[in-house]
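Hydrogens, waters and symmetry mates play no part in the numbers below; they use all other heavy atoms, side chains included.
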Number of protein chains: 2
Amino acid sequence: MTGVRALQKEKTRRQLIDAALGQLSAERSFSSLSLREVAKEAGLAPTSFYRHFSDMDELGLTLVDEAGLTLRQLMRQARQRIEKGGSVIQISVVTFMEFIESNGNIFRLLLRERSGTSAEFRAAVSREIRYFTLELCDYLQHANKLTAEVACLQANAAVTIVFNAGAEALDIEKKEREQLAQATIQQLRFIARGASELSARVKG
Amino acid sequence: MTGVRALQKEKTRRQLIDAALGQLSAERSFSSLSLREVAKEAGLAPTSFYRHFSDMDELGLTLVDEAGLTLRQLMRQARQRIEKGGSVIQISVVTFMEFIESNGNIFRLLLRERSGTSAEFRAAVSREIRYFTLELCDYLQHANKLTAEVACLQANAAVTIVFNAGAEALDIEKKEREQLAQATIQQLRFIARGASELSARVKG
DNA sequence: AATTTGAGTGTACATGTGTACGCTATAATA
DNA sequence: TATTATAGCGTACACATGTACACTCAAATT
């Protein structure tokens with residue numbers, strides 16, 4: 001099944017994916033890419049595109065999956081750092097900011113398609129973020145001995161804040177980014193403290 | 001200066017703006033609108049568009065301004081309700097959710113252009129949200145006797161949470177929206193409580 | 001009353017788009 | 001070895017787009 005042919009096909013499929021990812025930028029969203037442009041960048045004739053994806057949408061959803069994968073790598077990295085000790089909140093924010101810096105366009109993809117014009121795209125991005133949030137929710141529940149409800153509310157709020165900070169980080173200079181990180185950390189502390197203080201009340 | 005001619009011009013300018021707003025939807029973003037479509041919807045020949053805007057971008061920025069105006073009306077409404085007494089947080093969330101329900105497409109515009117491909121658009125949206133946030137910051141500072149720093153951090157976090165909830169509200173059924181509103185309220189309480197608890201530490 | 005201005009029109013063109021179709025060359029299969 | 005399947009190509013087409021240009025005609029100005 002993994003003959004020369006299938007292998008080559010997989011390779012040019014990757015070329016298409018990479019071509020699309022490569023064209024994303026601050027000034028260029030996925031929906032502004034044309035099938036022809038992507039094919040050209042991948043060194044393919046326009047019509048050959050269809051051998052791999054039936055649609056630009058299909059390519060796009062693949063990219064979102066790809067982005068989700070990157071996001072999960074990010075989580076793994078954060079967990080590793082946390083295990084070595086240190087402030088969970090600070091490590092999370094710093095790790096996320098590093099992610100933005102080296103994966104700006106992938107993050108932009110998620111950010112844009114989250115509120116894009118395709119319900120399927122929105123659902124796909126939503127799913128990736130939910131996954132991200134659920135992991136954090138589990139962690140908070142065990143580490144901080146919180147109700148499932150409170151832990152999930154906190155996780156949700158924290159992810160929202162961090163994602164928003166990431167979006168802002170995309171448009172500012174590196175110098176200001178440190179300031180933004182500090183503000184974000186403080187906001188996460190507010191949330192953590194509030195959740196902890198109010199968890200009793202929610203329970204009772 | 002307000003002759004018959006200038007009046008008519010103002011009127012068709014409005015028609016263009018309304019045509020553009022009218023074409024926005026869950027499936028249609030501003031950047032996916034074409035000059036020709038908008039002109040047609042406004043009952044104009046394509047080339048007449050240029051008598052009013054040099055560009056689709058110029059129209060778009062006008063729409064963002066328009067959206068900002070709507071946002072400020074929202075704030076005024078919320079303030080009025082708050083003055084009549086009741087939970088500030090609850091009133092704010094409920095008012096905002098009402099806004100989403102009747103101005104979905106305007107909110108979508110802000111949401112999308114906030115992370116769009118035009119730096120100018122992003123800046124414009126950012127400005128409107130900042131204005132929104134600053135008002136809340138002022139309010140928190142006086143009402144809750146917080147440091148400027150803590151109040152602004154809280155305001156920023158709160159606006160982020162509420163906007164994100166608004167975005168989620170766009171894609172769910174009315175029934176689930178009540179649940180979302182409750183979750184949002186709880187999250188804002190976390191933030192408020194955390195800010196209040198930790199304000200001493202930040203000061204010292 | 002004579003002239004100028006400018007909002008709105010219709011035509012026209014170059015350019016980019018998605019994709020249908022028929023072809024080639026070669027790996028996979030029989 | 002003969003046959004089939006298929007990745008990739010080039011051509012071709014219909015269509016939508018932005019906008020340049022020359023026009024009209026009524027309001028505004030002189």
Look at the rings of A/Phe96 and A/Phe163 and say which category their plane angle falls in: under 30° parallel, 30 to 60° tilted, over 60° perpendicular.
->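 It falls in the tilted class, 30° to 60°.
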Can you tell me which nucleotide in [options] comes closest to the side chain of [X]?
X       : options                : answer
B/Arg5  : C/dA28, D/dA27, C/dG8  : D/dA27
B/His52 : C/dG10, C/dA28, C/dG8  : C/dG8
B/Arg51 : C/dT26, C/dA7, D/dC9   : C/dA7
B/Leu44 : C/dT19, D/dA7, C/dT9   : C/dT9
A/Thr47 : C/dG18, C/dC21, D/dA27 : C/dC21

> If you pin A/Pro46 and B/Pro46 to their nearest nucleotides in DNA chain D, which one's is more 5'?
Replying inline: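 The residue whose closest nucleotide sits nearer the 5' end is A/Pro46.
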- Name the residue closer to the 5' end of DNA chain D, choosing between B/Ser54 and A/Ala45 according to the nucleotide with the nearest heavy atom.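 Whichever sits nearer the 5' end wins; that is A/Ala45.
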Could you give the [atom1]-to-[atom2] distance, from [X] to [N], as a whole number of Å?
X       : N      : atom1 : atom2 : value
B/Lys40 : D/dC15 : NZ    : C1'   : 13 Å
B/Met56 : D/dT19 : CE    : C1'   : 14 Å
B/Leu59 : D/dG18 : CG    : P     : 12 Å
A/Gln8  : C/dA28 : CD    : C1'   : 15 Å
B/Lys9  : C/dT5  : NZ    : P     : 15 Å
B/Phe53 : C/dG6  : CZ    : C1'   : 17 Å
A/Glu37 : C/dG16 : CD    : C1'   : 9 Å
B/Arg36 : C/dT11 : CZ    : P     : 12 Å

Whichever of A/Val4 and A/Tyr50 has its nearest DNA chain C nucleotide further upstream toward 5':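 The residue mapped nearer the 5' terminus is A/Tyr50.
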Side-chain N or O of B/Ser48 less than 4.0 angstrom from OP1 or OP2 on C/dT9?
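True: B/Ser48 side-chain N/O within range (under 4.0 Å) of C/dT9 OP1/OP2.
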Residue-level proximity of residues 10-35 of chain B to DNA chain C when a heavy atom falls under 4.0 Å: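 The stretch gives B/Thr12 as the residues lying under 4.0 Å from the strand, ordered by number.
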Hey, are [X] and [Y] close enough for a salt bridge, meaning a charged N less than 4.0 Å from a carboxylate O?
X        : Y        : value
B/Arg177 : B/Glu168 : no
A/Glu98  : A/Arg81  : yes
B/Arg36  : B/Glu41  : no
B/Glu197 : A/Arg189 : no

Interatomic spacing from NZ in A/Lys40 to CG in A/Leu35 - rounded to 0.5 Å:
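Here the interatomic distance stands at 13.5 Å.
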Taking C-beta and beyond as the side chain, do A/Glu135 and A/Arg79 meet within less than 4.5 Å on heavy atoms?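 Counting from C-beta outward, A/Glu135 and A/Arg79 do come under 4.5 Å.
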